[in-house]
Structure formats: structure tokens, C-alpha cells
Protein chains: 2
Amino acid sequence: MTELEKGPQGLRRGRGARERIISASQQLFRDQGINRTGMDQLCAVAQVSKRTAYQHFTNKDELVAEYLRRFDPGVTAGVFDRTDLTPRERLLAVFEPPRGKEGLTPLCPYIAASVELHDPEHPASQYARDYKSTIAARLADTAREAGAADPEQLGEQLALLLDGAAARTRVLNTESFPTAAAIAAVLIDNAIPTTARERVNTTVG
Amino acid sequence: MTELEKGPQGLRRGRGARERIISASQQLFRDQGINRTGMDQLCAVAQVSKRTAYQHFTNKDELVAEYLRRFDPGVTAGVFDRTDLTPRERLLAVFEPPRGKEGLTPLCPYIAASVELHDPEHPASQYARDYKSTIAARLADTAREAGAADPEQLGEQLALLLDGAAARTRVLNTESFPTAAAIAAVLIDNAIPTTARERVNTTVG
DNA sequence: CGTTAGGCACACAGCTCGGTGTACTTAATG
DNA sequence: CATTAAGTACACCGAGCTGTGTGCCTAACG
């Protein structure tokens, strides 16, 4: 433990290089964007030598893809597993903004990557596509559970609302998730036949 | 007219430099993104010398701002002035995708600029904000005309749908405006009291 | 015809970026 | 202790970027 923190010159932080790189990319890509974050700065923040970084990731592109893959293992996704909520409540809870500590909801990194990279063939863009499809599918599953007449349609609609809120929050610099939530409430109530809704209400409340 | 097309060496296209620069930026910034388009390439496409470009625009930033300002003086905006449609039809017509010749609707350049520039203080980002507010306001006006109970809310909601469709089309590489249009129809019918709706229907049809 | 504003070619400065080469040091494992 | 995997320091390359400096040209206008 003598020299765990610092070596004779500079950083010297030891074995966890890869994790530090990824966690630095989480911070920097989100705060500054991908294109505006150079590998030099990223390595400095990660306290990792550039050489090491390029032994873990052959490209910056590959790092970007891994950054997306390792993003958020359970913020939005976690809502779907909450058993304390009815399916309908779960669908609405998705629109509670992730709230980055304070201030506005940061732009969904999948949208940001797609726009910044500007290449649908980029591995990160492909992953973004997959992720968005997955979210829509999970929304559809929950919609089905809630008794929606056309669950796939409702899932796609709610996904669109999420993306709209994210994009609009970024452009306007104003929180837009409440607006999306209001729309979601309307859509959900419109999609669930009264019979099913009443059944749930009597079951839960 | 002898040497209007070409001079002794290279380009030599004459007086309309500024317009050519802007129109080249329309094409390139849309197709490649702002950050991935260098001034060299832009000048080559515009058939303008770099020196001339920098005499018209002190910065690339300033050019980007002007590019947004000069964008689309009437595609989406034009719908609002169509007197052959009822207010309700106008609100729905906004969701007819601009359809870039063929293929997907290109990402709204205001969103693209906000994300790419990544600086809310950038003049282009500020203009994007203004533009989005204006669109929402015009939607609200039309909503009021259509007899909506809460026109401002409906305007903001429809604006969110537009942005969601734009963002999602880009990320998924799949046209999302029809989904947005479907939501819009629900919201509009939900926001307009039956009395007002019937009045319009009997008047028009 | 002469003036001049607008445009041109071209080289280049200065910077940042992604990525590599080399030789060294440390920490864990057997 | 010896080996080896992981990391480090630092210089460097080539490319691309924004932005200038300089001198020349020519089309339009009075």
C-alpha cells in the first residue's frame, strides 16, 4: 500500500485501467460530447497512460461502442422490474426524468451518439438502434400486461415520447419530460379498454 | 458570358459567392454533419476560394448560425398558412414527413446543431431554441383556432412529437413520423371539446 | 476607359487529434 | 526469486482542422 496512490512520477494508479477508462468516458462523453473529447484528455481523467488505453481498445470508435454498451445497466430498465407498481404505473414511471443530480435531464446518450457519429454503420450507432428497439419491446410487454389493445403500437408511441422529451430538453434547455408524461397518460388510458382498466383498479386499489 | 463558367485556372464562378457558400453548407451540413465538414471541402463544393469565404463569414461558427437562420423558409412553416385545410387538418399535416426526395426524413437541423455544437451559448444553438419556440407557438395558435381547450399545452405536445419523430428516425433508421401522426390525432381529438369538433365537421364536410 | 469591389490561387502558420514506438517499472503469481 | 502480465512515460508521426498573408485578376459600373 506504500505506492498504491502515486508512483515516482505522475499517475501510477495500478490495475483497474480498463474500468477507469470506461468510467472516464461515461463522464466526459456525456458532459462534453464524443467528438469534443480527445483521447489525451480522456486518459488524463482516467489516470491511465495513452498506451494502456490503446491496448484495451484498438480504436476510439471501439471505446465509444463499449461506452454505450456499458451505459446505465439499470436506470430506465430498472423500472420495468418494479413489482410494487401496476403495469400502468410502470409505464408512467418511465417518464420520471433520470435527473442528473440537479439541472436538466442529460440527452439520451444513444441519440447523442447517433447524431455525433453520423454514421449508421458505426458499431455504436448499431448498438443504439438495438437498445432503442429493446426499450420499445419492453414498453410493449408492459403495455400488454396492462391490457392495452395494441401493445406494440403503444410501446412504440411511448418510446417516441421518451426520445422527443430527451431531444427537446437538449434543444430548448428546458425540462420536457413532464409534457411527455402527460401525453403518455392520455395514450395509455386511451389504449386500455375500460373493462381491463377497471379490473386492474379493483384488483390494486 | 465567355468566361462565366470557368476562368483560366480552376473555379472562377463570379459574384454570387455568399449564396453559393450558404447553399453548399445546406447540403454538406445536412449530409455529413457540421463537425465532419471542413471549410476546405465546403469551399470546394461552393466553388469559392477559402479567402472569400472568410471575408463573408468571420468564423465557421458564424457560418453555422447563418446556415440555420437561412434554413427552410417555408417547409414546415408553410403548412400553417394553408387556407384549404381546417385548423385540425393543418395540425395533422405538420406530421407529413418532409421526405427528402426518397429515403428517410433527415434529422431536423436544429436538433442536429444543438447536439453537434454541444454549447447552449453558441449562436446557432440559441437560434435553434428560438426556432423551436416559434414552431410551438404557431402550433398553439392553430390549436386555439381549432378550438382546443388548452392550446399552449397542445402546441407543446405536438412540438414534442415532431422532435421525437425526428430523433427516432435518425437513431432507428426507420421512418417514425407516422407514429407521431397517430399520437397527434389522439391528442388533438382529446383536446378539442366535442361541441367545437362537431361544429367544424358540419361546417366543412 | 479607369476605378474598384469582389473574387481568386496558393502557401502556410498553428493547433489538435488519433494513434504508435520504445524502453522502463511495477504488481501478482507460482 | 523468477517470470509474466499490466501499466507507465514520453516523444513522435501524419493527417486534418481553422484561419491568414500575399499578390493577382476580372467583371461591373460610372
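Letters go in sequence order (proteins before strands), and every chain restarts at 1.
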Determine, for A:Asp189 against A:Arg88, whether the closest basic-nitrogen to carboxylate-oxygen distance falls under 4.0 angstrom.
yes
Atom CG of A:Leu63 and atom C1' of C:dG18 are separated, to the nearest Å, by 12 Å
A:Glu116/B:Arg36 salt bridge by N-O under 4.0 Å criterion:
no
Roughly, in whole Å, what's the span from NZ in B:Lys60 to P in D:dT20?
15 Å
OP1 or OP2 of D:dG19 under 4.0 Å from side-chain N/O of B:Asn59
yes
Side chain of B:Lys50, heavy atoms from C-beta onward: which of D:dT20, C:dG18, D:dT8 has the nearest atom to it?
D:dT20
Check this one for me: any side-chain N or O of B:His56 less than 4.0 Å away from OP1 or OP2 of C:dG6?
no
Are A:Ile183 and B:Ile183 close enough that some pair of their side-chain heavy atoms sits under 4.5 Å apart?
yes
Any side-chain N or O of B:Arg20 less than 4.0 Å from the OP1 or OP2 oxygen of C:dC8?
yes
Identify which nucleotide among C:dG18, C:dA9, D:dC10 has an atom closest to any side-chain atom of B:Arg51, counting heavy atoms from C-beta outward.
C:dA9
How many Å lie between CD on B:Gln55 and C1' on D:dT22, as a whole number?
12 Å
Among residues 34-41 of chain A, which ones have heavy-atom contacts with DNA chain C below 4.0 Å?
A:Thr37, A:Gly38, A:Met39
Do any side-chain nitrogens or oxygens of B:Thr52 fall under 4.0 Å of OP1 or OP2 in C:dG6?
no
Hey, can you pull the donor-acceptor pairs under 3.5 Å for the side chains in residues 146-160 of chain B, sequence neighbours left out?
{"unit_1": "B:Asp150", "atom_1": "OD1", "unit_2": "B:Gln153", "atom_2": "N", "d": "3.2"}
{"unit_1": "B:Glu152", "atom_1": "OE1", "unit_2": "B:Arg144", "atom_2": "NH2", "d": "3.4"}
{"unit_1": "B:Glu152", "atom_1": "OE2", "unit_2": "B:Arg144", "atom_2": "NH2", "d": "2.7"}
{"unit_1": "B:Glu156", "atom_1": "OE2", "unit_2": "A:Arg168", "atom_2": "NE", "d": "3.0"}

Gap between atoms CZ and C1', on B:Arg18 and C:dG6 respectively (whole Å):
14 Å
Which residues satisfy the ring pair (Phe, Tyr, Trp, His ring centres under 6.0 Å) test with A:Tyr110, sequence neighbours excluded?
A:Phe71, A:Tyr131
Atom pair distance, as rounded to whole Å: OH in A:Tyr54 and P in C:dC17
11 Å
Residues A:Thr142 and A:Glu145: side-chain donor-acceptor under 3.5 angstrom
no
Looking only at heavy atoms, which two atoms of B:Leu68 and B:Tyr127 are closest? And how far apart?
O-CE2, 3.5 Å
